[in-house]
Protein chains: 2
Amino acid sequence: MADDVFKALADPTRRAILDELRERDGQTLFELCGRLAMRHGSSASRQAISQHLAVLEAAGLVRTRREGRYKFHDFDPAPLEHLLDRWLGDDGDDGSAVAPDGRD
Amino acid sequence: MADDVFKALADPTRRAILDELRERDGQTLFELCGRLAMRHGSSASRQAISQHLAVLEAAGLVRTRREGRYKFHDFDPAPLEHLLDRWLGDDGDDGSAVAPDGRD
DNA sequence: GGTACATGCAAGTTATTACTTGCCTACCAT
DNA sequence: ATGGTAGGCAAGTAATAACTTGCATGTACC
């Protein structure tokens with residue numbers, strides 16, 4: 001689960017997509033293509049971005065809604081919320097807490 | 001810079017190494033091999049782990065100090081501290097804050 | 001119905017990453 | 001010195017990920 005999120009964040013193009021969606025939610029694939037090219041200097045093709053969006057959606061970072069022939073993409077920050085807590089919580093080598101969630 | 005950190009976090013073995021070092025700082029390569037095998041079910045070889053450590057060190061997540069024939073590894077959480085802020089700060093499409101640091 | 005636009009799918013290619021193999025250097029003890 | 005332990009380097013292989021190409025589907029609008 002968290003593995004998908006880390007993998008999704010590993011690519012600079014995907015991080016740019018998140019930046020772009022965070023700033024303006026509900027963009028279509030074509031809109032994203034244009035804005036990424038202009039504002040982030042991305043040279044990725046439509047298909048490449050489409051595949052990146054699929055990865056982001058699989059990680060739960062992007063939600064989509066279909067309307068007619070358009071598909072709108074929304075950024076969902078929830079999976080990021082406690083992603084790094086396992087390393088940032090005040091340091092502990094005690095034996096009490098091993099985290100309630102399965103990690104990898 | 002941040003790119004190296006995201007890339008470093010993308011691998012489950014490397015995340016397990018961070019978990020292990022966070023719990024017990026200053027482990028040697030051999031120590032890590034043993035503990036990863038036992039406690040994380042890792043089957044990675046010494047060389048594989050050595051290379052993972054190099055990636056983590058390049059990302060600034062692990063610092064090393066040499067003492068005689070031993071090399072101790074310490075976890076440094078600093079690069080993680082504000083890694084996700086760009087997406088988690090209260091939502092904004094205003095024009096004021098674009099973050100002072102170069103991202104990707 | 002026909003055409004144009006928005007997106008989807010799948011096979012193939014290239015690039016990157018993880019891992020292995022084999023040998024090498026440094027340190028310490030006997 | 002010799003042997004054993006901790007670690008390093010580099011070239012090669014295997015696995016995975018990113019991207020391309022070409023065609024298919026679905027929807028709106030005339």
Side-chain angles (χ1 to χ4, degrees), chain A residues 2-21 24-37 40-59 61-74 104, chain B residues 1-21 24-38 40-59 61-74 104:
Chain A
D3 184 63
D4 295 321
V5 181
F6 283 115
K7 289 251 169 68
L9 292 176
D11 188 277
T13 302
R14 284 195 289 267
R15 293 195 297 273
I17 291 175
L18 292 186
D19 290 338
E20 191 50 54
L21 283 181
R24 176 200 267 219
D25 239 355
Q27 296 191 57
T28 70
L29 175 56
F30 271 58
E31 234 174 314
L32 274 168
C33 285
R35 291 175 68 101
L36 283 172
H40 300 262
S42 164
S43 61
S45 68
R46 177 182 69 83
Q47 292 87 342
I49 293 185
S50 174
Q51 285 167 9
H52 282 308
L53 283 169
V55 173
L56 289 168
E57 194 175 357
L61 289 164
V62 166
R63 297 220 156 271
T64 62
R65 55 201 150 89
R66 189 109 204 196
E67 255 169 64
R69 59 175 160 173
Y70 299 104
K71 190 180 180 186
F72 300 104
H73 299 83
D74 300 302
D104 300 308
Chain B
M1 199 88 238
D3 185 60
D4 295 321
V5 181
F6 282 115
K7 288 251 169 67
L9 292 176
D11 188 276
T13 302
R14 284 196 289 265
R15 292 195 297 272
I17 290 175
L18 292 186
D19 290 338
E20 191 51 52
L21 283 181
R24 177 199 266 220
D25 238 355
Q27 296 191 56
T28 70
L29 174 56
F30 272 59
E31 233 174 312
L32 274 167
C33 285
R35 291 175 67 102
L36 283 172
M38 284 189 298
H40 299 263
S42 164
S43 61
S45 69
R46 176 182 68 85
Q47 291 85 344
I49 293 184
S50 174
Q51 286 167 9
H52 281 308
L53 283 170
V55 173
L56 289 168
E57 194 175 357
L61 289 163
V62 165
R63 297 219 156 273
T64 63
R65 53 199 153 92
R66 188 112 204 194
E67 257 170 65
R69 61 176 158 172
Y70 299 105
K71 190 179 181 186
F72 301 105
H73 299 83
D74 300 302
D104 299 307

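Scope of the values below: all heavy atoms of this structure, side chains included, with no hydrogens, waters or symmetry mates. Keep in mind that this is a model prediction, so the values were computed, not measured. Labels below follow one simple rule: chain letters A, B, ... track the order of the sequence lines, proteins then strands, and each chain is numbered from 1.
In the interface, the side chain of A:Gln51 is paired with the base of D:dT20 through a donor and an acceptor atom under 3.5 Å apart. Applying the 3.5 Å distance criterion, the base of D:dG7 shares no donor-acceptor pair with the side chain of B:Arg66. In the interface, the side chain of A:Arg69 is not paired with the base of C:dT7 through any donor and acceptor atom under 3.5 Å apart.
Between A:Gly68 and A:Ser43, the one whose closest nucleotide on DNA chain D sits nearer the 5' end is A:Ser43. Each of A:Gln47 and A:Val55 was matched to the nucleotide of DNA chain D holding its nearest heavy atom; the match closer to the 5' end belongs to A:Val55.
Regarding A:Asp3, its CG atom lies at a distance of 13 Å from the C1' atom of D:dT16, rounded to whole Å. Taking atom CZ of A:Arg65 as the reference point, atom P of C:dA6 lies 17 Å away to the nearest angstrom. Residue B:Glu67 contributes atom CD, which lies 19 Å from atom P of C:dA26 at whole-angstrom precision. Between the CG atom of A:Leu56 and the P atom of D:dA17 there is a distance of 14 Å, given to the nearest Å. A straight line from CG of B:Leu53 to C1' of D:dG7 spans 11 Å, rounded to a whole angstrom. Distance B:Arg15 CZ to C:dA18 P: 11 Å, rounded to the nearest Å.
What you find for B:Ala10 and A:Asp3 is that their closest heavy atoms are O-OD1, 4.3 Å.
B:Ile17 CD1 to B:Gln27 CD: the interatomic distance, rounded to the nearest 0.5 Å, is 10.0 Å. Note that the CG atom of A:Leu56 and the CG atom of A:Asp4 stand 11.0 Å from one another [nearest 0.5 Å].
Residue contacts for B:Tyr70: at a heavy-atom cut-off of 4.0 Å it reaches the sugar-phosphate backbone alone, with no base atom in range.
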(message) For a side chain to side chain contact (heavy atoms under 4.5 Å, CB included) check, start with the C-alpha distance between A:Thr28 and A:Glu31, then their side-chain angles and the critical distance, and finish with the verdict.
(response) CA-CA 5 Å; A:Thr28 70; A:Glu31 234 174 314; 3.5 Å; yes
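Nearest to the side chain of A:Arg46, among D:dA10, C:dG8, D:dG8, sits C:dG8. The nucleotide whose nearest atom lies closest to any side-chain atom of A:Ala48 is, among D:dT20, D:dG8, C:dT7, D:dT20.
Considering only side-chain N and O atoms, B:Lys7 lies nowhere under 4.0 angstrom from the phosphate OP1 or OP2 of C:dT16. Applying the 4.0 Å criterion to OP1 and OP2 of C:dC19, one finds that B:Ser45 has every side-chain N and O outside that range. Residue A:His52 places none of its side-chain N or O atoms closer than 4.0 Å to OP1 or OP2 of D:dA17.
Side chain of A:His73 to backbone of A:Gly26: no donor-acceptor contact under 3.5 angstrom is found.
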